S.K.: 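Structure provided below as structure tokens; questions to follow.
This chain uses plain numbering: 1 for the first residue, then up along the sequence. Because the structure is predicted, anything quoted here is derived from the model rather than measured.
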Amino acid sequence: MYENDCAVLTEEYRGNLMDLVHWGYICVVDENSNVIKSAGNPDALVYYRSASKPLQALPVIARRLDEKYGITEEESVLFSGSHLGESFHVAAIRSMFQKAGMDLDDLVMNPAVPGSTEANEERIRRGLPKEKVYHNCSGKHTGAMLLQKELDPEHIRDYWKVDSAAQKEILRSIAILSEYPQADVQIGIDGCGVPVFAVPMKNIAAAFKNLACTDTIADASLRSAAERYVPRIHKYPLMMRGTGYLCSLINYDPNIVAKGGANGVYGIGLKKERIGISLKLKDGTEAVWPLLISEIFRQIGYENKDTMQMLHSLNSGTIINDNGTPVGTCKTVFTLK
């Protein structure tokens, strides 16, 4: 099945022995959402996981709920983020809940700890308990709860249910941005308790092309929302993930709109080139994302030196053990065709 459906994307060597092989998919589409390059099956169905967050944010912006409640541009980027619970992330979530008159206890996920080691150590030093606000998806949940408050205020705590008004609106946005029939979007339950959506790889690529090239979004309301919202991601990229992490660092490049999700999925849109890119590692690894993205960029001729240097700094291909000793290499082996 792997041999017929996936491509070998990377090989890892420890010493002279090949130790690991990472299989997966890569798909590149043009401004008309036609597949122009791929490795593996571009029709493979894949869950967006958190890569869908920028798409899920758009209905909130389209209804101008950020303006209604005085939510700042910086705060609103957290609708798209998988934050690490740094102090500025937590402060922004608390601020949005206070402004909207919502209760953090209504979040569906269990209390969590910050994903940032430093932030969690500070929490421990201060003797603070686990809280829902620390969960990396609390920004997405904030947006969904705002949407539910607007559409069905009597049932705000149901915002996470697949048949809730909020999730129906989010599904519509996913389908439109992905250019995929709403009835065919497969739905599961994500790690944080809300619905998670699956579409073909080529449609994930199309969605990120649409985020990068907002003029290609078919729905006028979502197009206007994306035009207002995407620039905020570049202005406040630390809200996408946190200090020193790929999802924040890559969005410092004003030509790129990008977001990753759990289990190895990543979406990228390039504005000037007017293309969308999706990638998925079947074993769910995320460590080789920078290496893969760097090689994809090399093969399509993307030449932002700062971005390429950033990707190299996150993963140069050298495997380092716990003692800081180089013990092997990881190399990309795919060719986009």
S.K.: Do side-chain atoms of T214 reach the backbone of A226 as a donor and acceptor pair under 3.5 angstrom?
M.R.: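 Pair absent, no side-chain N/O of T214 close to backbone of A226.
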
S.K.: Given T243 and E86, is the side chain to side chain donor-acceptor pair (under 3.5 Å) satisfied, shown in steps?
M.R.: CA-CA 8 Å; T243 306; E86 295 179 80; 2.8 Å; yes

S.K.: Which is it for M102 and L146 under the side-chain contact (heavy atoms from CB on, under 4.5 Å) test, yes or no, and what are the steps along the way?
M.R.: CA-CA 8 Å; M102 300 190 306; L146 285 168; 3.9 Å; yes

S.K.: Please answer: with hydrophobic residues joined when any side-chain heavy atoms are less than 4.5 Å apart, are I71 and I170 in the same cluster?
M.R.: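 Same hydrophobic cluster.
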
S.K.: Would you kindly confirm whether L291 and I320 end up in one hydrophobic cluster when ILVMFWY residues are joined by side chain heavy atoms under 4.5 Å apart?
M.R.: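 The answer is no; the residues belong to distinct hydrophobic clusters.
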
S.K.: Going through the distances and angles, do T10 and V333 end up as a side-chain contact (heavy atoms from CB on, under 4.5 Å)?
M.R.: CA-CA 5 Å; T10 67; V333 294; 5.7 Å; no

S.K.: So, S38 side chain and C27 main chain: donor-acceptor pair closer than 3.5 Å or not?
M.R.: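 No; zero donor-acceptor contacts below 3.5 Å.
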
S.K.: Can you name the nearest heavy-atom pair linking I300 to I277, along with the distance?
M.R.: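 Distance-wise, the nearest heavy atoms are CD1-CD1, 4.0 Å.
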
S.K.: Using 4.0 Å as the upper bound for N to carboxylate O, is an ion pair formed by K331 and E295?
M.R.: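 No.
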
S.K.: Using 0.5 Å steps for rounding, measure from the CG atom of N41 to the CG atom of D5.
M.R.: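 Here the interatomic distance stands at 5.0 Å.
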
S.K.: Using a 4.5 Å cut-off on heavy atoms from C-beta on, say whether the side chain of R123 contacts that of P114.
M.R.: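 Side-chain contact under 4.5 Å: yes.
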
S.K.: Is it the case that the side chain of K130 and the backbone of V113 share a donor-acceptor pair, with hydrogens and angles ignored and the cut-off at 3.5 Å?
M.R.: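 No, K130 side chain to V113 backbone: no donor-acceptor pair under 3.5 Å.
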
S.K.: Under 4.5 Å between any side-chain heavy atoms of I93 and L104, yes or no?
M.R.: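 Contact flag for I93/L104 side chains = yes.
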
S.K.: Can you list the other members of the hydrophobic cluster that holds V35, where links are side-chain heavy atoms under 4.5 angstrom apart?
M.R.: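 Joined to V35, directly or through intermediates: V29.
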
S.K.: Tell me whether R274 is salt-bridged to D30, with the criterion being a basic N under 4.0 Å from an acidic carboxylate O.
M.R.: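 Not counted as a salt bridge, because no side-chain N and carboxylate O are separated by less than 4.0 Å.
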
S.K.: So L55 and L211, do their side chains get closer than 4.5 Å, heavy atoms only?
M.R.: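 Of all side-chain heavy-atom pairs linking L55 with L211, at least one is under 4.5 Å.
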
S.K.: In plain terms, say whether R228 and D66 are close enough for a salt bridge, that is, a side-chain N and a carboxylate O under 4.0 Å apart.
M.R.: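 Not counted as a salt bridge, because no side-chain N and carboxylate O are separated by less than 4.0 Å.
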
S.K.: Quick one: are L58 and F79 in side-chain contact, heavy atoms under 4.5 Å?
M.R.: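 Side-chain contact under 4.5 Å: no.
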
S.K.: Please tell me whether Y229 and S80 have a donor and an acceptor in their side chains that are separated by less than 3.5 angstrom.
M.R.: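 Short answer, yes.
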
S.K.: Going by heavy atoms in the side chains, are M239 and H83 under 4.5 Å from each other?
M.R.: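 No, every pair of side-chain atoms sits at 4.5 Å or beyond.
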
S.K.: Test of understanding: with side chain to side chain contact (heavy atoms under 4.5 Å, CB included), list the residues that count as partners of K272, not counting sequence neighbours.
M.R.: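 Listed in chain order: N255.
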
S.K.: State whether a side-chain donor-acceptor pair under 3.5 Å links E12 with H22.
M.R.: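 Note: E12 and H22 side chains meet the donor-acceptor criterion.
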
S.K.: Apply side-chain contact (heavy atoms from CB on, under 4.5 Å) to S33 and K209, showing your working.
M.R.: CA-CA 8 Å; S33 302; K209 176 269 300 181; 3.1 Å; yes

S.K.: For D219, which residues count as a salt bridge (charged side-chain N to carboxylate O under 4.0 Å, His left out) partner, sequence neighbours excluded?
M.R.: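 Listed in chain order: R172.
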
S.K.: What I'd like to find out is whether the side chain of F197 reaches to under 4.5 Å of the side chain of Q186, using heavy atoms alone.
M.R.: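 Result no, sub-4.5 Å side-chain heavy-atom pair not found.
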
S.K.: Quick one: which residue pairs count as a salt bridge (charged side-chain N to carboxylate O under 4.0 Å, His left out) with a foot in residues 236-263, not counting sequence neighbours?
M.R.: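 Listed by first then second residue: nothing to list.
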
S.K.: For residues 104-114, pull every pair meeting side chain to side chain donor-acceptor pair (under 3.5 Å), keeping only residues two or more places apart or in separate chains.
M.R.: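 As it turns out, the side chain to side chain donor-acceptor pair (under 3.5 Å) pairs with a partner in residues 104-114, which skip direct neighbours, are D106-R157.
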
S.K.: With a 3.5 Å distance limit and no angle check, can you tell me whether D43 reaches the backbone of M201 through a side-chain donor-acceptor pair?
M.R.: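 Between the backbone of M201 and the side chain of D43 there is no qualifying donor-acceptor contact (under 3.5 Å).
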
S.K.: Is a donor on one side and an acceptor on the other found under 3.5 Å between the side chain of Q167 and the backbone of Y159?
M.R.: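 The answer is yes, because a donor-acceptor pair under 3.5 Å joins these two groups.
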
S.K.: Hydrophobic cluster membership, with links at side-chain heavy-atom distances under 4.5 Å among I/L/V/M/F/W/Y: are Y13 and L20 in one?
M.R.: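 No.
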
S.K.: Show your working on side-chain contact (heavy atoms from CB on, under 4.5 Å) between Y134 and N120 and close with a plain yes or no.
M.R.: CA-CA 9 Å; Y134 295 135; N120 191 41; over 6 Å; no

S.K.: Which heavy atom of A39 sits nearest to which heavy atom of L9, and what is that distance?
M.R.: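 Scanning both residues completely, I find the closest heavy atoms to be CB-CD2, 4.4 Å.
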
S.K.: Taking H89 for the side chain and L238 for the main chain, is one N or O donor matched with an acceptor at less than 3.5 Å?
M.R.: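 Looks like yes, one N/O pair under 3.5 Å.
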
S.K.: Look at K68 together with E150 and state whether they make a salt bridge at an N to O cut-off of under 4.0 Å.
M.R.: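 Yes, K68 and E150 are salt-bridged.
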
S.K.: Please give me the minimum heavy-atom distance between E75 and A92, naming the atom from each residue.
M.R.: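 What the structure gives for the nearest pair is CG-CB, 3.9 Å.
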
S.K.: Assess the pair H234 and Y252: is the distance between their ring centroids shorter than 6.0 Å?
M.R.: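 No; Y252 has its ring centre 6.0 Å or more from that of H234.
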
S.K.: For A112, check side chain to side chain contact (heavy atoms under 4.5 Å, CB included) against everything at least two apart and list the hits.
M.R.: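 Only H135 meet the side chain to side chain contact (heavy atoms under 4.5 Å, CB included) criterion with A112.
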
S.K.: Who are the side chain to side chain contact (heavy atoms under 4.5 Å, CB included) partners of K235, not counting sequence neighbours?
M.R.: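 With sequence neighbours excluded, K235 shows a side chain to side chain contact (heavy atoms under 4.5 Å, CB included) to E73, given in chain and number order.
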
S.K.: Testing the basics here: between N263 and K280, what is the closest heavy-atom pair and its distance to 0.1 Å?
M.R.: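 Scanning both residues completely, I find the closest heavy atoms to be O-NZ, 2.6 Å.
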
S.K.: Between S294 and P290 (side chain of the first, backbone of the second, donor and acceptor by atom type, cut-off under 3.5 Å), is there such a pair?
M.R.: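 Side chain of S294 to backbone of P290, a donor-acceptor pair under 3.5 Å: no, none is there.
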
S.K.: Output every pair passing salt bridge (charged side-chain N to carboxylate O under 4.0 Å, His left out) with a member in residues 300-313, not counting sequence neighbours, ordered by first then second residue.
M.R.: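 Listed once each, the pairs would be none.
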
S.K.: For Y266, which residues count as a ring-ring contact (aromatic ring centres under 6.0 Å, His included) partner, sequence neighbours excluded?
M.R.: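 Counting only residues at least two positions away or on another chain, Y266 forms a ring-ring contact (aromatic ring centres under 6.0 Å, His included) with W289.
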
S.K.: Enumerate donor-acceptor pairs with a distance under 3.5 Å from any side-chain N or O in residues 45-53 to protein atoms, sequence neighbours excluded.
M.R.:
unit_1: Y48; atom_1: OH; unit_2: S178; atom_2: OG; d: 2.6
unit_1: R49; atom_1: NE; unit_2: D190; atom_2: OD1; d: 2.7
unit_1: R49; atom_1: NH2; unit_2: D190; atom_2: OD1; d: 3.0
unit_1: S50; atom_1: OG; unit_2: K53; atom_2: NZ; d: 3.3
unit_1: S52; atom_1: OG; unit_2: R49; atom_2: O; d: 3.1
unit_1: S52; atom_1: OG; unit_2: Q56; atom_2: NE2; d: 2.8
unit_1: K53; atom_1: NZ; unit_2: G81; atom_2: O; d: 3.2
unit_1: K53; atom_1: NZ; unit_2: S82; atom_2: OG; d: 2.8

S.K.: Within this structure, what is the CD1-CD distance for the pair I217 and E227, rounded to the nearest 0.5 Å?
M.R.: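 It comes to 7.5 Å.
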
S.K.: If hydrophobic clusters are built by linking Ile, Leu, Val, Met, Phe, Trp and Tyr wherever their side-chain heavy atoms come under 4.5 Å apart, do V196 and Y180 end up in the same one?
M.R.: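 No; tracing contacts between hydrophobic side chains, which count when under 4.5 Å, never links both residues.
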
S.K.: Evaluate the side-chain proximity of V8 to F334: yes if any heavy-atom separation is below 4.5 Å, no if none is.
M.R.: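 With C-beta onward as the side chain, the pair stays apart.
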
S.K.: Any donor and acceptor pair, going by atom type alone, linking the side chain of S116 with main-chain N or O of L84 inside 3.5 Å?
M.R.: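 Checked: no pair found.
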
S.K.: Can you pull out every side chain to side chain donor-acceptor pair (under 3.5 Å) where at least one residue sits in residues 317-329? Sequence neighbours excluded, please.
M.R.: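 Found none.
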
S.K.: Check whether any side-chain N or O of N251 sits under 3.5 Å from a backbone N or O of A258 as a donor-acceptor pair, and report yes or no.
M.R.: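 Yes, N251 side chain to A258 backbone: donor-acceptor pair under 3.5 Å.
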
S.K.: Sequence neighbours left out, what passes side chain to side chain contact (heavy atoms under 4.5 Å, CB included) with D152? Give chain and number order.
M.R.: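 D152: side chain to side chain contact (heavy atoms under 4.5 Å, CB included) contacts with Q148, E154, H155, A165.
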
S.K.: Which heavy atom of C192 sits nearest to which heavy atom of V108, and what is that distance?
M.R.: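 Taking every non-hydrogen atom into account, O-CG1, 3.6 Å.
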
S.K.: Are L292 and L336 connected into the same hydrophobic cluster when the rule is that any two of I, L, V, M, F, W, Y join if their side-chain heavy atoms are below 4.5 Å apart?
M.R.: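 Yes, L336 and L292 fall within the same hydrophobic cluster.
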
S.K.: Looking only at heavy atoms, what is the nearest atom pair of T216 and E179, with distance?
M.R.: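 Here T216 and E179 meet closest at O-OE2, 4.5 Å.
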
S.K.: Can you check whether E31 reaches I275 side chain to side chain, under 4.5 Å on heavy atoms?
M.R.: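 In short, these two side chains do not touch, never coming nearer than 4.5 Å.
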
